[in-house]
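Working notes for the structure below.
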Amino acid sequence: MQSQYDPKSVEQEAREYWERTGAFRAQDPPVGGARPKFYCLSMFPYPSGKLHMGHVRNYTIGDVMSRFYRMRGYNVLQPMGWDAFGLPAENAAMANGVPPAKWTYDNIAYMKKQLQSLGFAIDWERELATCDPDYYRWNQWLFLRMLEKGLVYKKTGTVNWDPVDQTVLANEQVIDGRGWRTGALVEKREIPMYYMAITKYAEELLGALDTLSGWPERVKTMQANWIGKSHGVNIGFPYELGGERKLLRVFTTRADTLMGTTFCAVAAEHPLAALAAKSDKNLAAFVDECKRGSVMEAELAQLDKKGMPTGLFVAHPITGEKIEVWVGNYVLMAYGEGAVMGVPGHDERDFAFAKKYGLPIKSVIDVEGRPYSIYAWQPWYADYGKCVNSGKYNGLDYQGAVDAIAADLKKKDLGDKQVTWRLRDWGISRQRYWGTPIPIIHCDACGDVPVPDKDLPVVLPEDLVPDGTGNPLAKTPSFLNCICPKCGKSAKRETDTMDTFVDSSWYFMRYACPDQAKAMVDERAEYWMAVDQYIGGIEHAILHLLYSRFWTKVMRDLGLVKVDEPFARLLTQGMVLNEIFYRKSGDGRITYLNPAEIELKVDDKGVRVGAMLRSDGKPVESDGIGTMSKSKNNGVDPQDLIEKYGADTARQFMMFASPPEDTLVWSDSGIEGASRFLRRLWRTVYEHVVEGLAPAYSGGALSPELRALRFELHSTVAKVTDDYARRQQYNTAIAAVMEFMNALAKLSDASALARSVRQEALQVVVLLLSPIVPHICHALWRELKPAGDVMREPWPQVDESALVQDEVELVLQVNGKLRGHMRAPKSAGREQLEKLALAHESVTRFTDGQAVKKVVVVPGRLVNVVV
RNA sequence: GCGAAGGUGGCGGAAUUGGUAGACGCACUGGAUUUAGGUUCCAGCGCCGCAAGGCAUGGGGGUUCGAGUCCCUUCCUUCGCACCA
């Protein structure tokens, strides 16, 4: 055995062994059927160029789980693929003049090498890329099935329009309301798009959250709020137009405040706004102003509340009172009816709006014991209470008032109770090149004609280079021009492609049968689904996970799979953030500096006192912390780490740095510790092995020292196993092993018995660590058990007999303050413990002469004496 | 703005069910070995205090024999907000 740990040779040898033995191949049934299956999946990466720290974190967590379950006897599937369509490839193409396909495939090749160098136990035979026609043809195929079932339909949607480049922009391409390339003010534009009717599944998507016991509560809460089921009343405010009676419809969850309505507000896109703008230039200008800027809801919600009267009036549905209709920039066309009733007395936004424009404010709810004044908003104004100033509804509580008002409206045919969802149907059309072509043909005679199944896939040409002006597919006749499958006349293809969320909504099923040419999925998907453990960034808590749940249910209803939910257990890993450094030049331009080039200065207590650029030694400014991004130049390439320390050190450091679900602010200051620990582990095994192997301890009388060590050892096995299986918290698992190694290092006994305990201990340690640092454990295991394979070893068992103790240490408190410790027989009862404690010196010192009021005994933990 | 989560030493974090706050590691300080060291080993390390002891888990208040953990309130940070993936 080598006396020194050499990560490079150890890791290369282990990887060659794994490859030679096909160690990571998952067995499809019936071969794999004897063992229980475990499908462990990490979210597939977008092939952006290189792995980043978030990838390393994500895939290490997944690999630790995969290897742990493999050792526990499961038939484990851990696949990998590429979320290969998307905007960055088009941006790179514009920057470098390279087609997105080539850029993407080059990135895949590089990143695959990186993943392999980290030693992940991936079954590469199932690799897939979503930009492969063999994959995306099934996007198209399912789209057509959904179209047949009415789950796909066409309607207009709002997009960001760059008037200079004449192109649709993604939200991230709009910066401060301007196009990122042209700097032109962005406009909203209505265009026809295809939608998937996810709202038809809203009720099930919401209800089934209760069945997801393996999901974090916070994710389920976020999804439930996103779906947003609300019970309310749909109310019609009547008005006359051209002699015809019409209704302005609003939805409200606070129908009990209807009598406090002093105005109505509609979105700028609302038909009434358009109507009024026809005859009012100022209003037309305001509506135009509202239509400027991006479509991002976060931005809209933070705009200053602005409005303008339309000059139109509607009638209050109960009193018939005249109510003015305003256009408000805070009313969203996409939610509810695109119009709201304004109740400034009891809605904070309406209150601010009314104050700004001098609209009347009327209090109609009395929250008991809370005063009301129209001059300043108070949080309780929005609380439930009893109706006042509300005519016949006076005195009713919330539910009573809602019931009565809904009933009255129904009688007049002006409204009814209604359930509304915040969830909107999923617009999947993208006016972009690098995505799945939507399989539709536009024929002048026949309209929109679906591409027949026999003509699938509609293949995306791979040699186009976008230039930022419009969709290159629309400028490519060989793609655009086609024959109408219905009438045979010349026709045009749809040039929009699908949202890339479509690609990622079912890839986890395709891993089961990536070679299946005749169907989207087959019986192998039936075997592997659902995913037993899914791991990915918390940033996907809503959209990706919700869309995947939706697609799974659609596929189920089409008879393709039987599962209701795709992911049984979910681990949402926290973001990896990093500090942002910059310098401001004389003309105010900001240059962001990569943290790898920054050196931190510390004082003699280790406290940070400054930061400087390594190359010139001059100070730099800090701009706080944020997600690793190109624009802030605060990304860290894991490759340096892997090359300098090896994959195992990188993996261990990542897992030790924080619990998987926590946000992690990057710092490489602990990497030396990880490296040091592995070197020490190697040396400890080496020193044992050179003395000659011993049979692992299997019973017999032990000295107190050896008994104590075995107690530590088996406590560690129990703790670490629980951390892997239940808690999924690897930092504490590693800490527990470190703690045990510290105890083992103190063992000086060199007897044969001690050597066998040490042999047992080292074997257990190597097994416990092998999911996290598999290469070094592979090598060490072969030294401890020549010709053995650590991956094929069963997980260590806790020896319960080693955990038996007859004495325990208890904490002594006086008035809740720690005053000492005492040892007591484990079997001691409450009364005996109380007696021992009251007589104990550390207690009497503090209770001396005072009357004991109460004694709290927690057996096995503490005794608290209250005086 | 709305929804979700988080805040503990100089730093990452531990404390799993209301029961010893700071495990484990980094950094730092002192020492030994080596003198080739970005090696290894030993010791110290929340703050105040000579000590006894006191204080301390973002801030303020509360419940409890006992609160990092529960409740109220407030500030700050991160994630998501439907065309980044």
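So you know, we letter chains A, B, ... as the sequences are listed, proteins then strands, and number each from 1.
If you check B:rA23, B:rG3, B:rU20 against the side chain of A:E739, the one that comes closest is B:rA23. Closest to the side chain of A:I625, from the set B:rU20, B:rU77, B:rG38, is B:rU77.
Atom CD of A:Q2 has 12 or fewer neighbouring heavy atoms from other residues, nucleotides or ligands inside a 6.0 Å radius.
In this structure, A:N731 reaches the B:rA14 phosphate: one of its side-chain N or O atoms is under 4.0 Å from OP1 or OP2. Dashed line: the shortest gap from a side-chain N or O of A:N171 to OP1 or OP2 of B:rC81 is not under 4.0 Å. Listed pair A:K719 / B:rA14 fails the phosphate criterion, with no side-chain N or O lying under 4.0 Å from OP1 or OP2. Not one side-chain nitrogen or oxygen of A:N225 sits closer than 4.0 Å to the OP1 or OP2 atom of B:rC2.
In plain terms, the two heavy atoms of A:M628 and A:N634 that are nearest each other are CA-OD1, 3.3 Å.
The distance from atom CE of A:M654 to atom C1' of B:rG12 is 12 Å, rounded to the nearest whole Å. The interatomic distance linking A:R819 (CZ) with B:rG53 (P) rounds to 7 Å, in whole Å.
No side-chain donor from either of A:E269 and A:T158 sits under 3.5 Å from a side-chain acceptor of the other. For the residue pair A:W506 / A:Y135, a side-chain donor-acceptor distance below 3.5 Å is found, with atom types taken as modelled.
With both ends at atom C1', the span from B:rG13 to B:rG6 equals 14 Å, rounded to whole Å.
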